[in-house]
Structures are given as structure tokens and as C-alpha cells.
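Naming: A, B, ... by sequence-line order, numbering from 1 per chain.
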Amino acid sequence: MARRYWLMKSEPSVFSFEDLARAPRRTTHWDGVRNYQARNLLRDEVRRGDGVLFYHSSADPTGVVGTAVVAREAYPDPSQFDPASPHHDPKSKREAPTWLCVDLRCDRAFRHAVTLAQLRAAPALAGMGVLRKGNRLSVQPVTQAEWRAVLRLGGLEEAD
DNA sequence: GCCAACGTTGGC
DNA sequence: GCCAACGTTGGC
């Protein structure tokens, strides 16, 4: 099956694309998802090798800053069992974990970040979930056409 | 800091 | 099952 494409959000003050680039083997777990719809996407749809647009939310400016690759498919998010974590979920049981995470490997930084305003201005991206008002999903599907258009805006002309 | 949008919780 | 209250997200 052809690989699929996703947009994943992170607040850079918590975890940024630069943090991902500096991680050992440029890979780390993308955790803290506490929304059932997003969890179900991670569980049912996100596959190793899928492409990820890494989006900085609550940033200045907000926007897509680079690409990552899904390095490991969904597995129990360790932070749900960690009382010291802000994502701790005391109701989740180890034998039946509620929350999942995936591993992301940093792929390519954009030559220039693609801001939310630029995404909105691109006709090819009119249907993107991240542009919808009130949208809060931290994992969202992206079409191949959208993927290509965003990479082009980011200055990655030769991208897949 | 404000506030709209949305998800979750809990009383009934 | 309804729905008000509350908490969170996230752009501005």
C-alpha cells in the first residue's frame, strides 16, 4: 500500500521540530495524545513509513516547519502511567492502555516555514483540516496533493 | 489575555 | 439520553 500523509501538531515550547532534529537518531516518541479520535487514527491508520507534516501550534508564527517519518507504529504511550507527567491518566490500566503514541523520525526541515497564513492563501490547500475553524485534532490526514503543495511552499522542490 | 470551538463529565 | 458546566485547544 502506498504510504499516507499526516499533519501532526506540537507546541514548540513543549516539543519543537528542532528538538526532534536533535534527538538521538533524530527519532523520538510523539506522545501526549489524549483525544479518542486522534488515538483511533494512530491505532488504525498511521503506518510506519508514512509522511508527516510537522506543525507548530501556539507559536509565532504557527505553521508547518518540516517533515518527519513514522518510525514506529502505535504502542502504549508511557506517559499515561507516569504520575509525574502532565499527561498522566490514573484511569488507564497497564493491561489495557487507553492512549497510544508513535515514534517520529525527523526527515527534512523546510527552507522556510510555511505559516498558517500561507496555507490559507494557497488554493490547493483549501480543504486542509488544519485550516478549518475550531479544528483541534492533533493528527490529521493530508492528501498527497496537499502534501506536495505544502512541501513546495516550504522550498522542498524535489520532494516525493 | 481573550474567546470561540470542541470534548468530556456528571446530574438528572 | 439530554444538556449544562467545565476544561482544553489554539488562533489572534
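- Taking atom CG on A:Leu131 and atom C1' on C:dG11, their separation rounds to 12 Å, with Å as the unit.
- Taking atom CD of A:Gln140 as the reference point, atom C1' of B:dC6 lies 14 Å away to the nearest angstrom.
- Closest to the side chain of A:Ser58, out of B:dT9, B:dC6, C:dG11, is C:dG11.
- The shortest distance between the side-chain N/O atoms of A:Tyr36 and the OP1/OP2 oxygens of B:dC6 is not below 4.0 Å.
- By the ring-ring contact (aromatic ring centres under 6.0 Å, His included) test, A:Tyr75 is found to be paired with no residue, residues two or more places apart in sequence or in another chain being considered.
- Taking the side chain of A:Ser57 as heavy atoms from C-beta on, and the options C:dC12, C:dG10, B:dC6, the nearest nucleotide is C:dG10.
- Taking the salt bridge (Lys or Arg N to Asp or Glu O under 4.0 Å) definition, one finds that A:Glu73 meets it with A:Arg47, sequence neighbours left out.
- Between the CG atom of A:Leu7 and the P atom of C:dG10 there is a distance of 11 Å, rounded to whole Å.
- Here the straight-line distance linking atom OG of A:Ser13 with atom CG of A:Asp60 works out to 12.0 Å at 0.5 Å rounding.
- Put simply, CH2 on A:Trp30 and CG on A:Asp77 are 10.5 Å apart, with the number rounded to the nearest 0.5 Å.
- Looking at A:Arg34, its side chain has no donor and acceptor atom pair within 3.5 Å of the base of C:dT8.
- Ranking C:dC12, C:dG7, B:dT9 by closeness to the A:Lys91 side chain, first place goes to B:dT9.
- Rounded to a whole Å, the CD atom of A:Glu11 is 12 Å from the C1' atom of C:dG11.
- Rounded to whole Å, atom P of C:dG11 lies 14 Å from atom NZ of A:Lys133.
- In the model, A:Asp19 has a side-chain atom that pairs as donor or acceptor with a side-chain atom of A:Ser16 under 3.5 Å.
- Phosphate proximity of C:dT8 to A:Lys9: absent, as no side-chain N or O sits under 4.0 Å from OP1 or OP2.
- Between A:Gln37 atom CD and B:dA5 atom C1' there is a gap of 14 Å when expressed in whole angstrom units.
- Between the CG atom of A:Leu137 and the P atom of B:dA5 there is a distance of 17 Å, given to the nearest Å.
- The separation between A:Met8 atom CE and C:dG10 atom C1' is 19 Å, rounded to whole Å.
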